[in-house]
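For clarity, every value in this text was computed on a predicted model and none was experimentally measured.
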Amino acid sequence: MSLADIIQLLPDSVANQIAAGEVVQRPASVVKELIENAVDADSTQIKLIIKDAGKTLVQVIDNGKGMSETDARLSFERHATSKLKTADDLFAIKTKGFRGEALASIAAIAHVELKTKRPVDETGTLISIEGSKITTQEPCSCSTGTSIAVKNLFFNVPARRNFLKSNSVEKNHIIDEFLRVALAHPNIAFYFYDDEVEEYRLEIGTLRQRIVAIFGNNYNERLVPIEEESTIVSIHGFVGKPEFAKKTRGEQFFFINNRFIKSAYLNHAIQNAFEHLLSRESHPSFFIFLNVDPSFVDVNIHPTKTEVKFEDDKSIYAVLRTTVKMALGKNNITPTLDFDQEQSINFDYKPKDGIARMPQIRVNPNYNPFDSENNKGHNFLQNQNNSIRNQSNKSNWEKLYESHQNETETSVTSSSFVETIEPTQEVISSSWKNDSTESSEKPTIQIHNAYIISPIKSGFMIIYQQHAHERILYERILNNIENQTAASQQLLFPETFEFNSTDAALLNELLPEIKTLGFDMDEFGKNTFVVNGCPVNISESQIKPVLEEIIEQFKNNSGGADLKLSRNQKLALSMAQRVSIKAGKHLETSEIRNLIDELFACQMPYATPTGKTTFITYTNEELEKKFKI
């Protein structure tokens with residue numbers, strides 16, 4: 001008796017649901033597929049309408065070439081596409097889509113209504129589908145082009161619907177997909193409506209105009225154009241100036257043949273081009289378009305089509321890096337030379353009439369530098385300055401020598417009786433806090449305007465001033481938020497700030513918590529906020545950067561997702577990182593001592609909230625080994 005066969009073909013409805021698991025992960029996936037289809041239809045105007053962050057409705061309306069009744073019906077079949085004919089076409093893909101899976105997958109897990117009409121047809125076609133089953137197919141009256149409405153997403157896959165995030169998170173993902181396509185096609189007008197409120201109105205224009213329309217007018221001055229033509233790749237677009245770099249990878253866009261991609265390899269080329277212009281923690285903005293022969297790039301790796309493989313990626317890396325470096329050089333964006341000078345000193349010479357001339361030097365031929373009468377005033381000032389400087393230096397060195405001598409004597413007398421053990425951070429912290437009488441006499445030195453050196457009983461410690469101040473501010477601000485004790489200073493004149501739609505929505509959501517930081521601010525029209533007061537520890541010029549820093553921390557759950565920080569902790573962290581004194585800031589002796597005292601008064605003085613070290617220690621034994629004593 002033979003056993004029954006157990007392998008069978010899955011029904012199309014089941015196969016489509018399985019395919020939908022890869023193609024449609026969230027409402028943003030639907031938005032991406034439908035907008036890309038609209039672009040492939042040669043549209044000049046595309047409207048995106050969503051409700052309930054896409055869970056209730058995602059609708060895309062275009063004025064493209066439309067479809068016939070037969071094509072409209074076939075478009076919902078698996079692997080049915082108008083963009084490929086033979087296998088060779090896979091090596092010359094110029095359209096957004098080509099797999100023929102998107103509409104079939106979407107129709108398997110939602111209610112879909114399609115209206116489409118070609119310019120040559122008098123009437124259009126209406127097709128309604130529920131879970132891969134066609135419920136309606138009939139002629140209808142509609143405009144030229146296509147309108148697809150996807151309703152009740154995941155209605156028959158409740159588990160997948162339960163995995164969706166909050167409306168604000170899902171909306172942000174939708175905006176990301178919308179903007180990626182809108183940036184790639186400034187020759188198409190895009191409109192975005194959320195719950196009947198217009199979020200974006202992007203008219204046809206140049207790439208620069210499109211970037212400014214999306215991210216705000218202040219981006220116009222931030223952009224550095226890049227352009228290069230080679231036999232391997234042609235490159236055009238913009239990179240952001242180094243001074244506007246951010247701590248998160250915010251506005252970073254790569255496009256290959258007008259298709260948005262993600263590439264850590266190419267990203268490294270950009271970061272390398274900004275070498276010596278940015279700190280390791282900063283990331284530049286860029287909007288870069290690469291045009292490559294389609295046969296030299298493979299986009300058929302994943303259904304999302306955001307990953308690609310190049311035939312000669314090393315050459316593209318080299319060309320991209322060189323192009324960006326040349327663009328920065330042409331725009332006179334070069335590293336500043338470290339002369340350790342104050343920022344307030346300005347060596348720019350601007351003649352009144354705009355014409356530069358050689359300086360006129362007048363020499364007195366009768367002047368005798370050895371004549372005491374002529375040089376009396378000069379000698380007096382010079383001698384007085386030398387005397388003051390010498391006394392000051394002598395006093396400082398005497399104090400330093402006395403402290404060093406006392407510590408040396410203590411070390412010598414005790415070394416033969418007590419086993420020397422490297423002190424733990426707890427011992428250092430407690431010894432500094434308890435030894436308050438001696439701390440005022442301990443010599444502290446700032447080097448390179450970044451590091452503070454201070455002696456301890458077993459040796460010395462080196463404090464990185466930026467990390468130390470970041471820890472101090474973080475605990476202070478967090479305490480103010482939790483106890484509702486943050487002080488606010490009122491501005492003489494209220495300031496208004498405009499943000500792009502995504503940032504404004506996030507800022508509006510965080511507004512109650514932001515007010516606990518000491519900001520007296522409210523929404524003031526579309527994407528605009530008015531600030532009447534700010535925290536006492538920031539200046540007016542820091543208001544916009546601090547708010548941008550807060551937004552960056554919360555974008556895509558960055559700046560704390562891995563650390564599992566609460567919302568209050570994220571707010572405190574973002575503000576502390578922005579306001580803290582940076583490396584390169586000269587500190588007075590009193591400021592140095594206050595910084596050390598406040599650091600060791602913290603609950604966790606040893607590291608920043610993100611885990612970076614605030615100070616390190618060296619023992620006398622380690623020094624003796626270095627000098628072979």
Side-chain angles (χ1 to χ4, degrees), residues 13 16-17 20 23-41 43 45-69 71-77 80 96-97 100-118 121 123-157 160-161 164 167 170-171 173-175 177-178 181-182 188-200:
S13 59
N16 289 339
Q17 282 197 20
V23 178
V24 185
Q25 300 171 353
R26 57 192 344 143
S29 306
V30 176
V31 170
K32 175 182 183 295
E33 299 294 345
L34 296 186
I35 292 183
E36 288 184 348
N37 281 345
V39 171
D40 287 339
S43 307
Q45 180 178 304
I46 299 173
K47 293 181 182 179
L48 169 63
I49 302 169
I50 66 170
K51 288 184 179 179
D52 193 24
K55 301 171 187 175
T56 302
L57 172 68
V58 172
Q59 184 174 9
V60 173
I61 304 171
D62 67 62
N63 64 347
K65 53 190 176 184
M67 292 181 284
S68 66
E69 181 179 3
D71 287 344
R73 175 66 185 83
L74 281 175
S75 66
F76 289 99
E77 297 294 332
K96 299 287 187 182
E101 292 179 318
L103 289 182
S105 299
I106 293 170
I109 53 174
H111 298 159
V112 180
E113 182 180 273
L114 167 69
K115 291 181 180 180
T116 184
K117 175 180 170 295
R118 297 180 300 178
D121 296 332
T123 61
T125 302
L126 167 65
I127 295 179
S128 298
I129 299 179
E130 296 181 5
S132 295
K133 297 179 180 178
I134 296 179
T135 58
T136 305
Q137 180 173 347
E138 60 187 20
C140 70
S141 176
C142 62
S143 303
T144 299
T146 302
S147 169
I148 300 182
V150 179
K151 306 174 184 177
N152 304 322
L153 190 64
F154 301 125
F155 80 99
N156 54 353
V157 193
R160 178 63 66 87
R161 191 178 181 91
L164 295 179
N167 280 3
E170 295 299 338
K171 180 183 173 181
H173 283 290
I174 290 174
I175 291 175
E177 297 293 351
F178 173 80
V181 181
I188 301 176
F190 287 87
Y191 308 101
F192 179 24
Y193 299 88
D194 176 25
D195 292 327
E196 300 182 359
V197 176
E198 184 178 83
E199 296 284 344
Y200 288 94

Could you tell me whether the side chain of [Y] reaches within less than 4.5 Å of the side chain of [X], counting heavy atoms only?
X: Asn37; Y: Leu103; answer: yes
X: Ile148; Y: Val60; answer: no
X: Ile174; Y: Leu48; answer: yes
X: Arg26; Y: Leu164; answer: yes
X: Leu126; Y: Cys142; answer: no
X: Ile134; Y: Arg73; answer: yes
X: Leu57; Y: Asp52; answer: no

Would you compute the distance between atom [atom1] of [X] and atom [atom2] of [Y] and round it to the nearest 0.5 angstrom?
X: Glu130; Y: Thr135; atom1: CD; atom2: OG1; value: 5.0 Å
X: Ile46; Y: Asp62; atom1: CD1; atom2: CG; value: 6.0 Å
X: Glu33; Y: Glu177; atom1: CD; atom2: CD; value: 9.0 Å
X: Ile49; Y: Asp194; atom1: CD1; atom2: CG; value: 11.0 Å
X: Gln59; Y: Glu113; atom1: CD; atom2: CD; value: 8.0 Å
X: Phe190; Y: Gln45; atom1: CZ; atom2: CD; value: 10.5 Å

Just checking [X]: does its [atom1] atom have more than 12 heavy atoms from other residues, nucleotides or ligands closer to it than 6.0 angstrom?
X: Glu170; atom1: CD; answer: yes
X: Glu196; atom1: CD; answer: no
X: Lys55; atom1: NZ; answer: yes

So which atom in [X] and which in [Y] form the shortest heavy-atom distance, rounded to 0.1 Å?
X: Gly54; Y: Leu153; result: O-CB, 4.3 Å
X: Asn156; Y: Gly131; result: ND2-CA, 4.2 Å
X: Val58; Y: Val30; result: CG1-CG1, 4.0 Å
X: Ala189; Y: Tyr191; result: CB-OH, 3.7 Å
X: Ala38; Y: Ser43; result: O-OG, 2.7 Å
X: Thr116; Y: Ala72; result: CG2-CB, 3.9 Å

Trace of the salt bridge (charged side-chain N to carboxylate O under 4.0 Å, His left out) decision for Glu199 with Lys171: CA-CA 11 Å; Glu199 296 284 344; Lys171 180 183 173 181; 3.1 Å; yes
Residue of the set Lys65, Lys117, Arg118 for which side-chain hydrogen bond (donor to acceptor under 3.5 Å, both in side chains) holds with Thr144: Lys117
Worked check of side-chain contact (heavy atoms from CB on, under 4.5 Å) between Ile106 and Val112: CA-CA 8 Å; Ile106 293 170; Val112 180; 4.1 Å; yes
Thr136 side chain to Ser128 backbone, donor-acceptor under 3.5 Å: no
Arg161 side-chain N/O to Phe155 backbone N/O, donor-acceptor pair under 3.5 Å: no
Mutual orientation of the aromatic rings belonging to Tyr200 and Phe192 [parallel < 30°, tilted 30-60°, perpendicular > 60°]: parallel
